[in-house]
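Heads up: numbering here begins at 1 and tracks the sequence. Only heavy atoms go into these numbers, but all of them, side chains included; no hydrogens, no water, no symmetry mates.
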Amino acid sequence: MDFTYSIWILLLPLISFLVIGLPEFVNKKYSWSHKTAGLIGTCSLGLVTALSYYTAFQYFTADRLADGTFATFVPYNVTWLPLGHLHFDLGVLLDPISVMMLIVISTVSLMVHIYSFGYMHGEKGFQRYYAFLSLFTMSMLGLVLATNIFQMYMFWELVGVSSYLLIGFYYTLHAAVHASKKAFIVTRFADMFFLIGILIFGYYTGSYNFSFAGHVEYLNGAAAFTTADSARALAAGGMILPTALVLMFIGGAGKSAMFPLHIWLPDAMEGPTPVSALIHAATMVVAGVFQIARLFPVWIEYAPQALEVVVIVGAFTAFYAAAVACAQSDIKRVLAFSTISQIAFMMVALGVCLPGHHGAALDNHAQLGYMASMFHLFTHAMFKACLFLGAGCIIHAVHSNEMSAMGGLRKYMPVTHITFLISCLAIAGIPFFSGFSSKDEIITACFEYSPLCGWWMTGVAAMTAFYMFRLYYGIFWGTENKELHAHHTPHEAPATMTFPLVFLSIVTVGVGVVTTLGGFCDWSWASFGSIVSAAGTAYTVHFDPQVAATSTVIAILSIALATYIYKGEKQPIADKLYATFPRLHRWAYKRFYMDEVYQFVTHKILFRYVSRPVQWIDEKIINGLIDFTAWGANEAGETIRPWQSGDVRQYAVWFITGTVALTLLLLCL
């Protein structure tokens, strides 16, 4: 099967970045017009999307191997840096999860490119914005197509750089600059652990491969990458590989904003709203989830018990973020904490996968959690991108992020209203919307792992439905800010902004209807597990009726509670709750003071008791020693300078004196 064209999926956005960006950065006199720059970037992503869909069609319709799995294809693989028995490779790897991620990244990125035509119209730096979008898309595509961990890390860092550029796009605003630096520093701190884990992994296994077994088909002369010696890897598995994997997970936790490394994501909302839809809903924040999924064979084989760390971190993060989201008034920050909570759902789903029972490598339980995580990654990308883009339309209409400036917008913005409602129903887990199928399977896997974990995640799902409909009613119902709207009447966004909303909501409903019916009717072809599963074989989803019914009833009750409290023009119950529990509301609104904790730890402890002593040692001892050496050399030079006066008589005196002294010394000896 020929996949040689797949290299263009990476090259096209890179070329787009260079074509748009070079004139802008070299000499603005030659930069493209706004319309031309946008068309170049959008057409490039259109081709990337077409190639990605064609790749997915060609890959998933191909015949499976004899063992029922999809083959792993490597159309390109070249040795970039040889280091003895180790070497760093660069290439393109196609397997079920990388092909699935191609669909997610290309679809959302294309919608963001189209949407940005309207949202960013007239903005200074429009060309720079589209250049950075292309760079980010290329980086994320390179991450998911990587053939080895080291290549993944290279693109991982490039994703961090391009996200820094996009978050800080409004570089004249202090808040945007602060947010971009915060995101960059926090994720770099986490990436330090990722790099240490990679180095430990490579040193002890002799390979940077994602797994030590499996069928890989090299195409058109692609060089085979090194396979680790299984005996050596097994010997390292007792202690070293679990340590390496947990360290790499810390890097993933930073990128995916897991507690306590989540603090950068809410502030990152200072970037343009389309950037939030691309980076903080569908691509960059799922990189940590993708990392664990990519290394899943190694986790299961050598560090299954270490997955408990993933479960604990994910479960706590999901609850914490949901609690904070219930008290936020900025609509983008509600969606930001919602994203953190939903990414945590995916993490928990991967963590609850245990080695198979009865001697099997992977049983249905392990299959379920892995499949559910990847499925939720796919569905969440679509409806959360729709929510962020919808939020952009709302902000564009009222010129504010605060819900107090909204209310009653349903009559002004019907398209945004309907698409936003569809996405809210999806994330709440209502049947026949895409979030129901994926979230229901995550909760089922959690109950298989532990009843406590199952009920915990069910409670978080109930909180999700509540705060999302609190947001929905606060925007489209509630009390209309007539004073503000009198000065600026809200209006529906232009077609370039509403088309992506309609498209993503259609995907949300279409996937939801097919997978919901497929789960209840046992349609194997409609199961996400038929293309993506832990073992690689087809896995048909069978809904657990008890879990499905329970989660649906709880979601409906949560929506009913939010409706009862927030739908009316006045919210007396909400006001009474605030008056009764002002401190609890304040804590949740202030994100439980995690930013203040970080400020205290860094400024009052690290800076005062670590940085200042280190600075004193650097200035007084290290610099003092260097300065003393320079002073000594200078003084020595000044002392012996008279010896080189150029006076021959003085030289004769020194010569005679030295000769006499040396003669006397020899006579004495």
Do side-chain atoms of Tyr115 reach the backbone of Leu389 as a donor and acceptor pair under 3.5 angstrom?
yes
Roughly how far, to the nearest 0.5 Å, is the CE atom of Met111 from the CE atom of Met382?
9.5 Å
Do Met346 and His380 make a side-chain contact, defined as non-hydrogen atoms from C-beta onward lying under 4.5 Å apart?
yes
Least distance between heavy atoms, Met140 atom then Ala287 atom:
CE-CB, 4.2 Å
Quick one: pull up CG in Leu425 and CD1 in Ile556 and give me the separation to the nearest 0.5 Å.
10.0 Å
CZ/Phe592: more than 12 non-hydrogen atoms of other groups inside 6.0 Å
yes
Salt bridge (Lys or Arg N to Asp or Glu O under 4.0 Å) between Lys182 and Asp595, intermediate numbers included:
CA-CA 11 Å; Lys182 188 175 183 180; Asp595 285 270; 2.3 Å; yes
Can a donor-acceptor pair be found, under 3.5 Å and without considering hydrogens, that links the side chain of Thr508 to the backbone of Leu504?
yes
Could you label the plane-to-plane angle of the Tyr589 and His585 rings as parallel, tilted or perpendicular, counting under 30° as parallel and over 60° as perpendicular?
parallel
SB check Arg591 Glu596 (cutoff 4.0 Å)
no
Around atom OH of Tyr598, are there more than 12 heavy atoms of other residues, nucleotides or ligands at under 6.0 Å?
yes
As an exercise, state the distance from CD of Gln291 to OH of Tyr153, rounded to the nearest 0.5 Å.
11.5 Å
Under 30°, 30 to 60°, or over 60°: which ring-plane class applies to Phe378 and Phe528, parallel, tilted or perpendicular?
tilted
Give me the atom names and distance for the closest heavy-atom approach of Leu387 to Leu335.
O-CD1, 3.7 Å
For Ser437 and Thr515 the tightest heavy-atom approach is OG-OG1, 2.9 Å
If you apply the rule side-chain contact (heavy atoms from CB on, under 4.5 Å), what do you find for Ile300 with Leu307, and how did you get there?
CA-CA 8 Å; Ile300 286 294; Leu307 285 171; 4.2 Å; yes
So, does Thr416 use its side chain to make a donor-acceptor pair with the main chain of Met413 at under 3.5 Å?
no
Quick one: does any side-chain atom of Ser373 pair with a main-chain N or O of Gly369 as donor and acceptor, under 3.5 Å?
no
Heavy atoms only: give me the nearest Val313-Phe259 pair and the separation to one decimal.
CG1-O, 3.8 Å
When you compare the side chains of Tyr473 and Thr563, does any donor N or O come within less than 3.5 Å of an acceptor on the partner?
yes
When you measure from the side chain of Ser163 to the backbone N and O of Gly160, does any donor-acceptor pair fall under 3.5 Å?
yes
Sorted by first residue and then second, give each side chain to side chain donor-acceptor pair (under 3.5 Å) pair with at least one member in residues 250-262; sequence neighbours left out.
His262-Tyr320
Run the side-chain contact (heavy atoms from CB on, under 4.5 Å) test on Phe466 and Ile565 for me, step by step, so that the C-alpha distance in whole Å, both residues' side-chain angles and the decisive distance to 0.1 Å come before the verdict.
CA-CA 10 Å; Phe466 176 81; Ile565 296 175; 4.1 Å; yes
Step-by-step side-chain contact (heavy atoms from CB on, under 4.5 Å) determination, His280 to Met269:
CA-CA 9 Å; His280 308 127; Met269 297 301 106; 3.4 Å; yes
Do Phe420 and Phe476 have their ring centres less than 6.0 Å from each other?
yes
Of the non-hydrogen atoms in Ala428 and Ile559, which two are nearest, and what is the gap between them?
CB-CD1, 4.1 Å
Ignoring hydrogens and angles, tell me if any N or O in the side chain of Ser341 forms a donor-acceptor pair with the backbone of Ala321 under 3.5 Å.
no
State which residues pass side-chain hydrogen bond (donor to acceptor under 3.5 Å, both in side chains) with Ser423; sequence neighbours excluded, sorted by chain then number.
none
Partner residues of Lys332 under the side-chain hydrogen bond (donor to acceptor under 3.5 Å, both in side chains) criterion, sequence neighbours left out
Thr273
Does a donor on one side chain sit under 3.5 Å from an acceptor on the other, for Thr419 and Ser505?
no
Proximity of Trp264 and Phe184 rings by center, below 6.0 Å:
no
Counting only N and O atoms by type, is there a donor-acceptor contact under 3.5 Å from the side chain of Thr516 to the main-chain atoms of Val513?
no
Just jot down the side-chain hydrogen bond (donor to acceptor under 3.5 Å, both in side chains) partners of Arg294, sequence neighbours excluded, or say none.
Asp95
Exactly one of Phe319, Phe316, Phe345 clears ring-ring contact (aromatic ring centres under 6.0 Å, His included) with Trp456, and that residue is Phe319
Over 12 non-hydrogen atoms of neighbours within 6.0 angstrom of OH in Tyr164
no
For a side-chain contact (heavy atoms from CB on, under 4.5 Å) check, start with the C-alpha distance between Ile573 and Leu577, then their side-chain angles and the critical distance, and finish with the verdict.
CA-CA 6 Å; Ile573 298 177; Leu577 287 172; 4.2 Å; yes
Nearest-0.5 Å distance that lies between atom CD1 in Ile340 and atom OG1 in Thr317
8.5 Å
Any idea which heavy atoms bring Phe433 and Ala426 closest together, and the distance?
CB-CA, 3.7 Å
Val334 backbone acceptor or donor facing Ser338 side chain under 3.5 Å
no
Distance from Glu402 atom CD to Met406 atom CE, nearest 0.5 Å?
7.5 Å
Gap separating the CD1 atom of Ile167 from the CG atom of Leu265, nearest 0.5 angstrom:
8.0 Å
side-chain hydrogen bond (donor to acceptor under 3.5 Å, both in side chains) partners for His417, two or more places apart:
Tyr472
Counting N and O atoms only, with roles assigned by atom type, does the side chain of Thr107 sit under 3.5 Å from a partner on the main chain of Val104, one being a donor and the other an acceptor?
no
Of all pairs that satisfy salt bridge (charged side-chain N to carboxylate O under 4.0 Å, His left out), the ones with a partner from residues 423-444, not counting sequence neighbours
none
